[in-house]
Amino acid sequence: MSLSEEELSELKCSIHEQITRLDVKSKVRAVLDEVYTTTGGRESGIEDLLVALRRRGVVDELVGRLRFDGELAERIEPSVCKPPPCSTHLPHASLNDLGIDVARRHLCLEVQGGRAFLEHLGMQPRESAGTLSLSLHCRAQRCRTRPAPCACEPDLRASFVVQLHLGNAASRMADSASLLAMKDPVQVVLVRTDSAGDTELVSSHWLEWRSVLASPQSGWNTAMELKGVESESGVSVGVLDLHLQLIPPLEQSLDRDVVNAQLALEQRRTAERERLFLVYAKQWWREYLNIRPSHASRLVKIFAQDECCRVRPVCCMIRPLRAARLLDTPLQAARFVSLLGRARPTTLGYANHSRERWASRLAFLARAKGEVQEHAALLCNLLLGFGLDAYMCLGSKHGGDFYAWVMTRSHSGTTTFWESQTGCRFLHLLSTNSAVSSMTPPTPRHPYHTVGCVFNHSAFYANVQPTVDVSDCLFDLSNSSHWKAMSPDVLSAAGTGNGPPPPPLSPPAIDPIVASNELEMQLRIVIAQHRETLSLSTVWDDQLCYLLSPALAAYELERATGLVPGKAEFEDAVRRIVPDGHTFKAFPIHFNHRLAHRALKTALSYPVCNEVVACRGDEVRIAVRVRVFAYPECTCAVWVMFACTYSSVL
């Protein structure tokens, strides 16, 4: 982007104005003192200062306050001022600044700050405990606040605007009666991110917003107490100050007794529905045990606990999810799920890790990592959204106690297993099938050992076959001698396929081209520094760097589709560029992060990569190429290839 002198002058003036208004100089001095103290008095570089400024939110605050007009705004804002699409940031602003269409009913939820986060009580301003961020969801709409430094009173501020409509009739204004009938609470998830980028789920809360219908002028101030998760679900984490506003307001607010009566009625109906399903589940389980006493030891899970320790039927964890235009194929969906991080249950002291939590979808996506059952549930949701006959399977792997994966069944009767942790697929073949030994090439064997039950949002089946060994099981779910089914009508009455719309996926947050260039330049710097410590000079071969791109694209395409295109063209291009008498070496590696130092450290743990990066010889030329592939939910697949050419010295 090139700017004229006039545009450059306007940009400088705007930046100078905001620096003066925000008193950035004093903030920079404070951060500089912090960096100086942290490093023990050692001289710090500009990179350390910038990292500290970003962590304290000074850079984001300055950029967010900049305002431009006309053509300059169109040229600067897309790359500087606008937040990433994934975040859907809504700045703290007055209602008039939100651009709300008054012809349609909206709910504006304004987070005005946090207090009483006692875990951070007594923390000094210069201490860094990471950042806190809120994710909100209501009626298939999502919002995420900007990260705020951890503190006893964190500066959590955002405005979340929810469109309230009557079904598909977007042009109709929702009246008080229809608003009162909306059973869609606002889910609020609080996530903490430490200085290393690791995320931790702090709290998950469901806010009943319909109390605003009984407030004067349809406005309501409230203090929402956040509770912890899992073993700390009864412990208070902190308090959020909220202001809810209905726009446009109701002409006449409802009587508070009417609102309370409606909420109480819904609670009684929910409790009665849960009671009836529990009665049915107990009777169904007795019948299942009467078939064979050994069934008591099988992994048949009817209920599960979410992050707030609420017990729900496992079928409620599955809801078809359409990825809009963010994912094009089921294989791409499997690739996306495999890129999400893996987490283990966090406990204080000894705990039985066989217990598992099934986090809600928003909590899983906000944290961007979870346990195997959460990965499998998300993959099953996406495959159902693509129209496949998908089921979640519970059982065990070889040498393991508990595991979850996904199964799809075709019209021809073929059963395919999907591994959510890697994105791999396995065709199910019985061990007694004589065709297995004659297949060429051999079909990869799946890692699953036993299966106890399979289910989705509308069906639940328990294994009643004599064996639980996956290789010997038949997956004809309609055969009652092999699988005992729950009544679909009972499952439907229990609300397993109903309820508020689940949160959608958010679009990618990064520009893959910009991210690829930035990481590649950072890797060049750290590689040159590493070779310098080995007393080696570094000469870069830019042409070889460019020729490595097709191979990286092919690696990702293979992971996402199973196809391996362009191999012959890549080999031919490398042979043409490598001089006679020279040797070519390369090492590809895959990451799901964009940290240069961490990537090089991991790559150097492989002897082949160490030979490439620390290559010695005559006429050594080094090359490194990075390709970043962006996926929904701020996830990315990062492929890096290290390469060198040299003439051997005997």
Side-chain angles (χ1 to χ4, degrees), residues 18-19 21-39 44 46-66 81 83-84 86-93 110-136 143-160 188-205 223-226 228-229 232 236-242 346 366-369 509 593 595 634:
Q18 294 301 330
I19 288 177
R21 181 180 303 175
L22 296 175
D23 195 18
V24 173
K25 291 183 179 180
S26 62
K27 295 181 180 180
V28 171
R29 291 193 191 98
V31 174
L32 187 59
D33 292 341
E34 174 189 346
V35 174
Y36 184 84
T37 304
T38 304
T39 57
S44 302
I46 188 66
E47 182 178 358
D48 296 329
L49 179 60
L50 289 175
V51 170
L53 287 171
R54 291 192 184 100
R55 187 175 64 245
R56 292 282 291 271
V58 176
V59 176
D60 290 339
E61 184 179 8
L62 174 60
V63 174
R65 293 292 187 91
L66 294 179
C81 298
C86 173
S87 301
T88 318
H89 294 306
L90 292 172
H92 177 63
E110 188 176 6
V111 183
Q112 299 177 332
R115 52 189 171 88
F117 283 73
L118 301 181
E119 183 177 351
H120 307 288
L121 184 64
M123 180 179 297
Q124 298 299 323
R126 295 179 181 179
E127 295 180 1
S128 175
T131 59
L132 296 172
S133 60
L134 286 171
S135 294
L136 302 96
C143 166
R144 190 172 66 185
T145 67
R146 295 185 184 277
C150 293
C152 184
E153 296 184 357
D155 188 24
L156 292 168
R157 298 180 182 274
S159 296
F160 181 31
V188 181
V189 171
L190 181 65
V191 173
R192 177 168 50 230
T193 305
D194 61 21
S195 56
D198 192 29
T199 57
E200 176 189 358
L201 183 62
V202 178
S203 179
S204 180
H205 184 84
M224 182 177 69
E225 183 182 12
L226 298 177
V229 296
E232 302 177 12
S236 177
V237 172
V239 177
L240 289 180
D241 293 322
L242 306 177
T346 56
R367 191 186 180 193
K369 66 178 182 180
H593 62 81
L595 304 176
C634 305

S.K.: Go through it in stages, so that I can follow the logic: the residues are L156 and L190, the test is side-chain contact (heavy atoms from CB on, under 4.5 Å), and I'd like the CA-CA distance, side-chain angles, deciding distance and then a yes or no.
M.R.: CA-CA 10 Å; L156 292 168; L190 181 65; 4.2 Å; yes

S.K.: Who are the side-chain hydrogen bond (donor to acceptor under 3.5 Å, both in side chains) partners of S204, not counting sequence neighbours?
M.R.: Q187, E307

S.K.: For D155, give me all partners under salt bridge (charged side-chain N to carboxylate O under 4.0 Å, His left out), at least two apart in sequence or on another chain.
M.R.: R157

S.K.: Check side-chain hydrogen bond (donor to acceptor under 3.5 Å, both in side chains) between D198 and all other residues, then give those that pass, not counting sequence neighbours.
M.R.: K369

S.K.: Is there a side-chain contact (heavy atoms from CB on, under 4.5 Å) between F160 and L134 once you walk through the steps?
M.R.: CA-CA 11 Å; F160 181 31; L134 286 171; over 6 Å; no

S.K.: Shortest non-hydrogen contact from S135 to A366?
M.R.: OG-CB, 3.6 Å

S.K.: How long is the span from the CG atom in L132 to the OG1 atom in T145, to the nearest 0.5 Å?
M.R.: 8.5 Å

S.K.: So, for P149 and P154, which heavy atoms are closest and what is the spacing to 0.1 Å?
M.R.: O-CB, 4.0 Å

S.K.: Sort out for me which residue in L240, V189, V202 forms a side-chain contact (heavy atoms from CB on, under 4.5 Å) with L226.
M.R.: L240

S.K.: Considering all heavy atoms of both residues, which atom of E200 and which atom of R367 are nearest to each other, and what is their separation?
M.R.: CA-NE, 4.1 Å

S.K.: Should S203 and M224 be marked as a side-chain contact (heavy atoms from CB on, under 4.5 Å) after you check the CA-CA gap, both sets of side-chain angles, and the distance that decides it?
M.R.: CA-CA 12 Å; S203 179; M224 182 177 69; over 6 Å; no

S.K.: With sequence neighbours excluded, tell me which residues meet side-chain contact (heavy atoms from CB on, under 4.5 Å) with A116.
M.R.: V239

S.K.: If you measure from CZ on R192 to OG1 on T199, what distance do you get to the nearest 0.5 Å?
M.R.: 11.0 Å

S.K.: Who are the salt bridge (charged side-chain N to carboxylate O under 4.0 Å, His left out) partners of E153, not counting sequence neighbours?
M.R.: none

